Number of protein chains: 2
Amino acid sequence: MDTQPGLPMFDLPLLEETPIARADATRNRARILAAAERLFAARGAACVSMDEVAEAAGVGKGTLFRRFGSRAALALALLSEHESCFQESFIRGEPPLGPGACPTDRMSAFGEARLDLLDEHAEVLAAAEVGPARFSSPPYAVHRLHLTLLLREADPDCDAEYIAEVLLASLGSDVFMYLREGRGLSLEQLKSGWRQLVQRVVPAAAVS
Amino acid sequence: MDTQPGLPMFDLPLLEETPIARADATRNRARILAAAERLFAARGAACVSMDEVAEAAGVGKGTLFRRFGSRAALALALLSEHESCFQESFIRGEPPLGPGACPTDRMSAFGEARLDLLDEHAEVLAAAEVGPARFSSPPYAVHRLHLTLLLREADPDCDAEYIAEVLLASLGSDVFMYLREGRGLSLEQLKSGWRQLVQRVVPAAAVS
DNA sequence: CACACAACCGGACCACGGTCCGTTTAGTAC
DNA sequence: GTACTAAACGGACCGTGGTCCGGTTGTGTG
């Protein structure tokens, strides 16, 4: 379902699955997601093996990996609802996150919202953003495009592509967990740091 | 030659090994390092397993892991010479990398030097900086402290701790490999992006 | 030189993520 | 209902990083 006609859009490609035909396939998919969610919530994503997920779902290991391809992809699927919601907010939502506010404010709001997401799902996100696959995930591409456009709008002279990547790197789940747990920073401190960073990277912001 | 009088002076703890007593231990350590270096250079670090390293070194797997603890630590040890040299350069070397230049220029030079290091040893660095251990390695601590001091010197009002972490995240091996191979950026483009980033993060730079 | 003990050695072993392939089954056409 | 096929199933299997522990060996002491 399209949300709004007329908007150009990057119709969030997000994570479309191949159209599943057979009934047992969809059923098993649902079982796996349910089992994974339960186990991850109960014991922490890092302490749950794929074998356990398969067994809890009453499904063979082969089935699990055929449906999701990898542990990271399973975690990504688990987060798809939250991620969709996040994307909806900064693409078509209310200001300052959505359109209407000035680019700088939107970037600040973007980071704060992402930090909230991290705060709530840090473990699952960490499982999803492991390895180089992190940079080729659909959510990453959407976030990158979003930041790039905002940066270009805020300051046409800046190297928007590069700066977008740098900013996103600082919002990665690995950095987040390290700063929270390793350095003992609070969520508020991170948000404050992010706001300051945005203010400094996009100077002045003399934008209509 | 300390960088500046009165500064506490972080005598680069770098990577000190436990004082090795027995002869066979040091001999095996050397064998392992030599074998690893050879194999990594020949086939790429990512395509060499620890079993192979052990066999090539003529040593049991247990010995390999007792000496180095993990694959990441082995990679780190392999890089220790280059890393020492790098640290020497920005702590006691010539300007603009070493003391004498203004903080902004030193930060620019720091990133460029780190990018050169990445360009030359990307694969081994990627093996060393895997997982959360990346943030607890001695080199990371030194780099962080260095950037924090420079930032504080350049602008006492900024959140130096946080910004240092963000800047370092953008110089991680994962981000580097992604930007080079995934996005096709050249080394020069990365250096240029870094310089611009530094200029923007530390505004004006009205420093004595 | 003999002794004793701590340190070291090596390879069997483990858990994990991921793959393979022979078997089963849902859907369809008659 | 029967027959057929493509798709899905599941668990044995693999390579990997990392651990364990019984046996060995270098080294300080008498």
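These numbers come from the heavy atoms of this one structure, side chains and all, not from hydrogens, waters or symmetry mates. Just so we're clear, the structure is a prediction, and the values are computed from it rather than from any experiment. In the text below, chain A, chain B and the rest are named by the order of the sequence lines, each starting its count at 1.
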Ring-plane angle category for A/His146 and A/Phe110, please: parallel below 30°, perpendicular beyond 60°, tilted otherwise. tilted
Without decimals, in angstroms, what is the distance between [X] [atom1] and [N] [atom2]?
| X | N | atom1 | atom2 | value |
| --- | --- | --- | --- | --- |
| A/Arg29 | D/dA7 | CZ | P | 18 Å |
| B/Phe68 | C/dC8 | CZ | P | 13 Å |
| B/Glu52 | D/dG17 | CD | P | 9 Å |
| A/Asp51 | C/dG17 | CG | P | 7 Å |
| A/Arg27 | D/dA7 | CZ | P | 18 Å |

Closest listed nucleotide, where the reference is the side chain of [X] and the choices are [options]:
| X | options | result |
| --- | --- | --- |
| A/Thr63 | D/dG10, C/dG17, D/dG17 | D/dG10 |
| A/Arg66 | C/dC8, D/dG11, D/dC9 | D/dC9 |
| A/Asn28 | D/dG10, D/dC9, C/dG17 | D/dC9 |

Just jot down the ring-ring contact (aromatic ring centres under 6.0 Å, His included) partners of B/Phe65, sequence neighbours excluded, or say none. none
Output the residues of residues 39-50 of chain B in contact with DNA chain D, where contact means a heavy atom of the residue under 4.0 Å from an atom of the strand; sort by number or write none. B/Ser49, B/Met50
Non-neighbouring partners of A/Ser173 that pass side-chain hydrogen bond (donor to acceptor under 3.5 Å, both in side chains), sequence neighbours left out: A/Glu129
Not counting sequence neighbours, which residues clear side-chain hydrogen bond (donor to acceptor under 3.5 Å, both in side chains) with B/Tyr140? List them please. B/Glu165
Taking only residues two or more places apart in sequence or in another chain, which ones pass salt bridge (charged side-chain N to carboxylate O under 4.0 Å, His left out) with B/Arg200? A/Asp155
Taking atom CD of A/Glu94 as the centre, report whether more than 12 heavy atoms of other residues, nucleotides or ligands fall under 6.0 Å from it. no
Return the polar atom pairs (N/O with N/O) between nucleotides 27-29 of chain D and the protein under 3.5 Å, or none.
unit_1	atom_1	unit_2	atom_2	d
D/dT27	OP1	B/Ala23	N	3.1

